[in-house]
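This structure is a prediction, so every number in the text was calculated from the model and none was measured. Side-chain atoms are counted along with the backbone in the values below, which use heavy atoms only and exclude waters and symmetry mates.
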Amino acid sequence: MTESVHFSRFADRHIGTSPADRQVMLKTVGVPSLEALMDGAMPEVIRSSERLALPDALSESDALNMIWGYASQNVVMRNLIGLGYHDVLMPAVIRRNILENPAWYTAYTPYQPEISQGRLEALLNFQTVISDLTGLDISGSSLLDESTAAAEAMLLARRSAKRGASDVFIVDENALPQTLSVLATRAQPVGIELHVTDTSDPANLPEAAFGILLQYPGANGVVADFSATIARAKELNAAVIMATDPLALTMLTPPGELGADIAVGSAQRFGVPLGFGGPHAGFMAVKEGLQRQLPGRLVGVSRDASQAPALRLALQTREQHIRREKATSNICTAQVLLAVIASAYAAWHGPAGLAAIARDVHAKARTLAEAFSSAGLELAGESFFDTVTVSVPGRAEGIVQRAAANGVNVRLVDVDTVGIAVNEATTDEEIGVVLEAFGLDASPKAFQEPALPSSLRRSSQYLTHPVFNAYHSETAMMRYLRRLSDFDFALDRGMIPLGSCTMKLNAAAEMEPISWPNFAAIHPLAPEEQTRGWRHLIEELEGWLAEVCGYAKVSVQPNAGSQGELAGLLAIAAWQKDRGEGHRDVCLIPASAHGTNAASAILAGMRVVVVKCDDDGNIDLVDLDAKIEKHRGDLAAIMVTYPSTHGVYEESIANVCSKIHDAGGQVYVDGANLNALLGWSKPGRFGADVSHLNLHKTFCIPHGGGGPGVGPVAVREHLAPFVPGDPMTNDAPVGAVSQARWGSAGILPIPWMYLRMMGPEGLVEATASAVLAANYVAARLRDHFPILYKGRGGLVAHECILDLRELTKHSGVTVDDVAKRLIDFGFHAPTMSFPVAGTLMMEPTESEDLDELDRFCEAMIAIRAEIDEVTQGKVAVEDSALRHAPHTAAVVTDPQWDRSYSRQKGAYPAGVSPAKYWPPVSRVDNAWGDRNLACSCPSLDAYSQ
């Protein structure tokens, strides 16, 4: 055990090792100090000598008091603005047991299915909700937001179109304005021509188009009958996409029954707070036949080694790493935590509860519409669900101001038009405030019939599975959520040593402010005078991020690393065009790069040219020179990850930057590995022009089981005009890449708190401690597993790669075997077979203490001994504990146990934590699940096999 110390700084709580621990570790590595370690590992040419210009560190209580001051500057109103964002009543049982529960928010993406069954079940529930409500066959497990989901659907429609199809994509003029903005941004680089028109009249459709997007209900609230339009689209062989609202679909005929091929939307109003624009779970559902082209993640039902049902990510999981520039999407993340909340909300209310909420919302909208009609005011349409748009020539601004003066925000459409979108939180009193703002009678009315055409009233059932009908008491829901979280392995159980993923501490003090109503209940389109605290926090955070990375400007709009990559490349393309070099479209990408890099380049309209890596994992400078010379006239950029994806500080990075600049290109540095640089080096100072920053890695936003994330784009001065624009004004050189101006603003208090509590010295110490942890693990394991790549002095950066290829050749033991065996020891596996097949890449981070690091090393050493038993012929690999891992409680208590090793060796190998984690399933058969694809809740019979 480490000695007791007095923790006077937050940094002492965040960094897991004590000063005495670090001395032990330094001795093992063979360096005298942290400074000497960084001097030895990091090239001098990239080192930054100046102190970070950040405020000095605050204590947790002082930082919370300060951020509360910002929150108190925001004005919490009742929001009837709508446009895809709604006030919600988040059930307390969901808030306390999911949103504020580290068992859920500190989990990693469920790539290891055996230790992710809880999250996977919740996501399968989400897929079932979306599939049932949209009336389509298969739903993904969430996308980033509604607008980017619409863009992904547009690209899917184009991929599925017949060869030689038109490049025209038709968009409903009544689509959400932010969706129109994102569609325009995404269409232009890939040669898609948008045609915005009144789609309610099929005569307005052009003769040739590959797809059409219909908004159902529309931005003005009108529910149009698109039957004739859909029929005409089918005649044109155009894919039909419907952007829709899941709550409305409890009353409306679902898109699948109307003939749609794809449905997209947002699940925000299923219990997820506004959060000034996000994060919210977007969704996409498709008809049978399109599932293998579905972007993002898809959860499917498979079986484990004992033939019991088991869940896993299916089909195209991480397709970017396999297909790279041929990938159909650059998205490798999701909004898992928010999708889990939405699925729990659906289970909590059930079909009857959702229907009751929808009827209540619609009735309040009818009350408004009837009052307006009775007063002789013109409505946008007679058919609507929750949104009423009314014409009040010359009076709109005054009406909006009067409503706001009494605590209710409504939408100023223009000087002559007001929009009101009611929601589950809307009260009769608020309806009265709105009517009084119009100068009308506030008396409520009751209605028997909905204001919907009979042809569009839903008759089909939904959410009939028992999971949506069994957990309506708080006791039942609490226990269900506890059972699911018990199935999972998250940071609250132990280390998650994934390379390139930086699974570090997400401190409670950082997380606390996101639940405060003064941050969570703010509409992204609320008037500026109501959002001063939010704007102050965001401006300050963007400034701090620019400072620590050496850039001139940061935009936090990109709501995932993939979107940050795209934004950075779009900035480069716009800059090249602005200076008369718009023909430059070649993007050089090292062979070791993260797979999303190539996919993002393609979506930005660039051509990918791969640069080789040498035997040490560095960029091959000879090949780089050859590729530069070949493409000199067309070179737009290079994308590099630094430190490299191989976990070393490449000596040549400044030289690489210089070569690219000399050829007229720009340098994009992927920020995935920024945790090895922060406080010691600034990409914007050693030659990079643009980076994206993973706030869900280096800056402590939790991974949430695979999302939310934030991927801000950071640029030097000359690229500053080309960061993403406001989707509501669309007046910037580069359009929006996410649907909200500040992306997933609701979780930005987390990195703000991290930077404010760490201070400049804390960040410096954290980075060095992360590099020390990786080198300590490498030093302890190098006699048992070869370390594939090493930098100066045999040191690594913040992660190291164990090479199992020779061991596999001689023993038959695979990286999968080692990864699954680690579960028995109580660990999440390192990253498997990336960036090199047959290897394990691990990143322990600065947050882990020495006891946990040693426990991991001892587990790996014990596993090496088990591999040796196979190599020496003492046990066949097929009969080994390695091949049979992980071991469930059911397996080791089976009376028919007949394995070549003891039950104790299987389930309780040496070094297992006293708090034993029991995986709920044995090794999952991924291939069987892909051959027998099922992506919604299975019948109960499946669980009784």
Side-chain angles (χ1 to χ4, degrees), residues 83-84 143-159 161 166-199 204-206 209-215 218-220 238-239 241-243 262 264-266 277 282 284 295 329-331 524-525 555 557-560 562-578 582 585 600-606 713 721-743:
L83 283 186
L143 289 171
L144 302 176
D145 58 37
E146 178 171 346
S147 298
T148 57
E152 292 291 337
M154 173 179 70
L155 298 176
L156 190 161
R158 193 190 204 191
R159 292 193 300 274
S166 165
D167 289 327
V168 172
F169 184 68
I170 307 164
V171 185
D172 186 356
E173 66 179 5
N174 204 19
L176 298 177
Q178 62 268 34
T179 295
L180 287 170
S181 294
V182 172
L183 286 172
T185 301
R186 298 293 297 274
Q188 189 276 327
V190 294
I192 293 175
E193 178 185 343
L194 293 186
H195 185 106
V196 181
T197 187
D198 175 7
T199 56
N204 292 330
L205 273 58
F210 69 83
I212 180 171
L213 183 137
L214 309 171
Q215 192 81 41
N220 63 1
I241 303 163
M242 298 190 82
I262 306 169
V264 297
S266 170
M284 181 186 294
S329 168
N330 71 335
I331 291 178
L525 304 179
S555 167
Q557 184 182 122
N559 53 8
S562 59
Q563 306 307 92
E565 290 178 5
L566 179 63
L569 294 172
L570 292 175
I572 289 172
W575 175 79
Q576 295 281 19
K577 182 179 180 180
D578 186 65
D585 65 348
S600 294
I602 295 299
L603 294 178
M606 295 182 177
V713 61
F722 306 106
V723 298
D726 184 346
M728 300 307 295
T729 58
N730 209 22
D731 58 358
V734 174
V737 297
S738 302
Q739 74 175 34
R741 181 176 178 182
W742 291 287

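- Atom CD1 of Ile212 and atom OG1 of Thr199 lie 5.5 Å apart (nearest 0.5 Å).
- Between the side chain of Gln739 and the backbone N or O of Ser147, at least one donor-acceptor pair lies under 3.5 Å.
- Contact detail for Arg158 and Gly191: the closest heavy-atom pair is NH2-O, 3.6 Å.
- Listed for the Asn174 side chain is a donor-acceptor partner under 3.5 Å among the backbone atoms of Asn220.
- Closest non-hydrogen pair, Ile170 versus Pro206, comes out as CD1-CD, 3.5 Å.
- Between the side chain of Thr185 and the main chain of Val737, no donor-acceptor pair closer than 3.5 Å is present.
- Side-chain atoms of Glu152 and Ser329 form a donor-acceptor pair, as typed in the model, at a separation below 3.5 Å.
- Checking Ser266 against Glu146 by side-chain atom types alone, no donor-acceptor pair falls below 3.5 Å.
- A side-chain donor-acceptor contact under 3.5 Å links Asn204 to the backbone of Asp198.
- Heavy-atom minimum distance, Ser600 versus Ser562: OG-O, 3.7 Å.
- Side-chain contact between Leu213 and Phe169 is present, with heavy atoms from C-beta onward closer than 4.5 Å.
- Listed for the Gln215 side chain is a donor-acceptor partner under 3.5 Å among the backbone atoms of Leu176.
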